[in-house]
Number of protein chains: 2
Amino acid sequence: MTDTARRPRRRASSDADKEERRRQLLAAAKTVFARKGFHAATIADVAREAKLSYGSVYWYFDSKDDLIHALIESEQEALRHSVEAAMRSAASDDPLAAVRAAIRATFVFFESDSRATKLLFRDALALGGAVEKHVHGIYERFIVDVERAIVAGQRAGVLADAPAHLAAYSVAALIGQLAQRRSQTDDGIDAEAMADFVVWFLMDGLRKRDPS
Amino acid sequence: MTDTARRPRRRASSDADKEERRRQLLAAAKTVFARKGFHAATIADVAREAKLSYGSVYWYFDSKDDLIHALIESEQEALRHSVEAAMRSAASDDPLAAVRAAIRATFVFFESDSRATKLLFRDALALGGAVEKHVHGIYERFIVDVERAIVAGQRAGVLADAPAHLAAYSVAALIGQLAQRRSQTDDGIDAEAMADFVVWFLMDGLRKRDPS
DNA sequence: CCTTGTAGATTGATTCATCAATCAGTAGTG
DNA sequence: CACTACTGATTGATGAATCAATCTACAAGG
């Protein structure tokens with residue numbers, strides 16, 4: 001069905017090979033965990049998906065927890081890279097442009113990979129303590145940036161007074177929930193339109209503006 | 001610590017007794033599941049918490065799945081009742097009042113019961129298919145109401161044009177995420193102030209309004 | 001080039017622990 | 001006395017983690 005199907009017969013000897021094998025295992029784990037959920041999925045499932053034996057999984061990862069941990073970390077990094085790249089290439093004259101670009105990149109990222117969505121939103125929560133903190137981290141960085149932008153806007157007199165941190169958290173929460181929803185139900189709205197809706201909603205709210 | 005501590009010695013014979021015993025088991029399950037999470041919690045934990053024997057749990061519930069299912073259903077009903085009562089007693093002259101009342105009631109409900117929060121937001125997602133649908137249900141009802149209100153507001157010309165369903169979903173998502181956040185971190189904002197912030201944010205957005 | 005030695009990658013049967021679910025037995029209640 | 005709520009030891013299944021055996025890729029010496 002996917003490119004994962006090619007069975008790796010050759011044994012990994014060089015460091016590059018081993019890294020590649022590790023990547024294959026992470027890819028298999030991503031598929032399996034996204035399909036069945038972390039708890040329901042077994043190491044045997046992952047090994048089967050990766051066309052490797054049960055024991056080999058333990059050659060590359062210490063435990064099932066270690067595996068999901070590494071996986072979530074790598075997905076988070078991918079998302080962060082994607083968002084940061086989008087923000088860098090945004091026009092710098094419009095202060096809203098960077099925000100819009102970041103939000104768009106987020107929706108595009110999740111749209112292009114529904115497995116990542118399930119992983120980050122469903123499984124990350126299903127795990128206790130350690131990972132929960134970890135997931136909080138990915139939000140936190142984003143929230144700090146947004147909060148800073150909001151405060152700047154308030155100083156400049158273009159944004160209303162409001163608890164900036166709470167508002168920033170709300171932005172992140174809304175984006176996350178909508179991204180998750182998109183992975184489950186299709187309402188025919190593409191990722192960029194969705195992002196634009198979010199930006200509009202966050203900026204102007206539901207109440208009709210007087211045309212001034 | 002709680003009223004759950006009183007050990008039930010007397011055997012439940014009447015229908016009322018049996019219903020009470022069932023309630024006790026649900027209360028115990030709520031405590032245990034909220035503390036350890038659904039997967040990590042065992043039936044033995046629940047039995048111990050309820051001061052009943054292992055086998056008795058199976059006298060009242062068919063399976064562990066049946067138990068969590070019944071529990072989530074009862075929590076959802078409690079939330080729905082609480083919100084509906086608040087809306088009924090809201091002033092009917094201000095169209096925003098009912099919305100504000102509903103949002104307040106939601107935050108108050110979750111604030112008064114952090115176990116319910118964990119249950120509905122963490123465990124419900126960790127479970128697969130059937131329960132996921134079920135949880136979707138509680139949102140859906142709320143969303144339909146909000147959507148209707150939004151459309152009415154748009155007809156009356158006081159709300160901006162926007163995809164009403166998406167906006168309604170956003171409202172629900174924001175409330176849910178913020179309620180969940182409150183159960184984890186305390187930022188010294190009480191439930192009603194939080195609700196008022198949400199209403200303001202949803203209505204007016206971040207951009208400063210012209211004082212007209 | 002062709003051995004042949006070896007480190008370490010790969011295997012999967014086995015171990016060990018956990019826990020849901022059952023069931024035969026016990027005792028409270030009407 | 002009969003009914004049925006209740007008990008908790010037992011069973012059976014599952015699955016994470018281990019480990020001794022096997023195999024392979026590479027290298028060093030002929």
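Here is how names work: the chains are called A, B, and so on, in the same order as the sequence lines, proteins then strands, and each is numbered from 1. Side chains included, hydrogens not; waters and symmetry mates left out as well; all remaining heavy atoms used.
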Could you note down all residue pairs passing salt bridge (charged side-chain N to carboxylate O under 4.0 Å, His left out) where [range] supplies at least one of them, sequence neighbours left out?
{"range": "residues 76-86 of chain A", "answer": "A:Glu84-A:Arg141"}
{"range": "residues 59-71 of chain B", "answer": "none"}
{"range": "residues 191-201 of chain B", "answer": "B:Arg100-B:Asp196, B:Arg104-B:Glu192, B:Arg104-B:Asp196"}
{"range": "residues 31-43 of chain A", "answer": "A:Arg35-A:Glu49, A:Lys36-A:Asp45"}

Quiz item: Does B:Ser53 put a side-chain nitrogen or oxygen below 4.0 Å from OP1 or OP2 of D:dC6?
Solution: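 Result: no.
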Self-check item: Any residue meeting side chain to side chain donor-acceptor pair (under 3.5 Å) with B:Glu75, in chain and number order, not counting sequence neighbours
Solution: B:Lys30
Atom pair distance, as rounded to whole Å: [atom1] in [X] and [atom2] in [N]:
{"X": "A:Asp17", "N": "C:dT10", "atom1": "CG", "atom2": "C1'", "answer": "14 Å"}
{"X": "B:Asp15", "N": "C:dG30", "atom1": "CG", "atom2": "C1'", "answer": "14 Å"}
{"X": "A:Gln24", "N": "C:dT10", "atom1": "CD", "atom2": "C1'", "answer": "14 Å"}
{"X": "A:Leu52", "N": "D:dT22", "atom1": "CG", "atom2": "P", "answer": "20 Å"}

Expected rows: protein N/O vs nucleotides 7-9 of chain C N/O, under 3.5 Å:
residue, atom, partner, partner atom, Å
C:dG8, N2, A:Arg11, NH1, 2.2
C:dG8, N2, A:Arg11, NH2, 3.3
C:dG8, N3, A:Arg11, NH1, 3.4
C:dA9, OP1, A:Lys18, NZ, 3.0
C:dA9, OP2, A:Trp59, NE1, 3.0
C:dA9, O4', A:Arg11, NH1, 3.4
C:dA9, N3, A:Arg11, NH1, 3.3
C:dA9, N3, A:Arg11, NH2, 3.1

Quiz item: Using the ring of each side chain (for Trp, its six-membered ring), is A:Trp200 parallel, tilted or perpendicular to A:Phe197, with breaks at 30° and 60°?
Solution: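 Rings of A:Trp200 and A:Phe197: tilted, 30 to 60°.
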Self-check item: By salt bridge (charged side-chain N to carboxylate O under 4.0 Å, His left out) - contacts of A:Arg22 (at least two apart)
Solution: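 Residues passing salt bridge (charged side-chain N to carboxylate O under 4.0 Å, His left out) with A:Arg22: none at all.
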Quiz item: Under the salt bridge (charged side-chain N to carboxylate O under 4.0 Å, His left out) test, which residues partner A:Glu111, sequence neighbours left out?
Solution: A:Arg182
What's touching nucleotides 19-21 of chain C from the protein side, N or O pairs under 3.5 Å?
residue, atom, partner, partner atom, Å
C:dA20, OP1, B:Lys64, NZ, 3.1
C:dA20, OP2, B:Ile43, N, 3.0
C:dA20, N7, B:Tyr54, OH, 3.0
C:dA21, OP2, B:Tyr58, OH, 2.9
C:dA21, OP2, B:Lys64, N, 3.0
C:dA21, N7, B:Tyr54, OH, 2.8

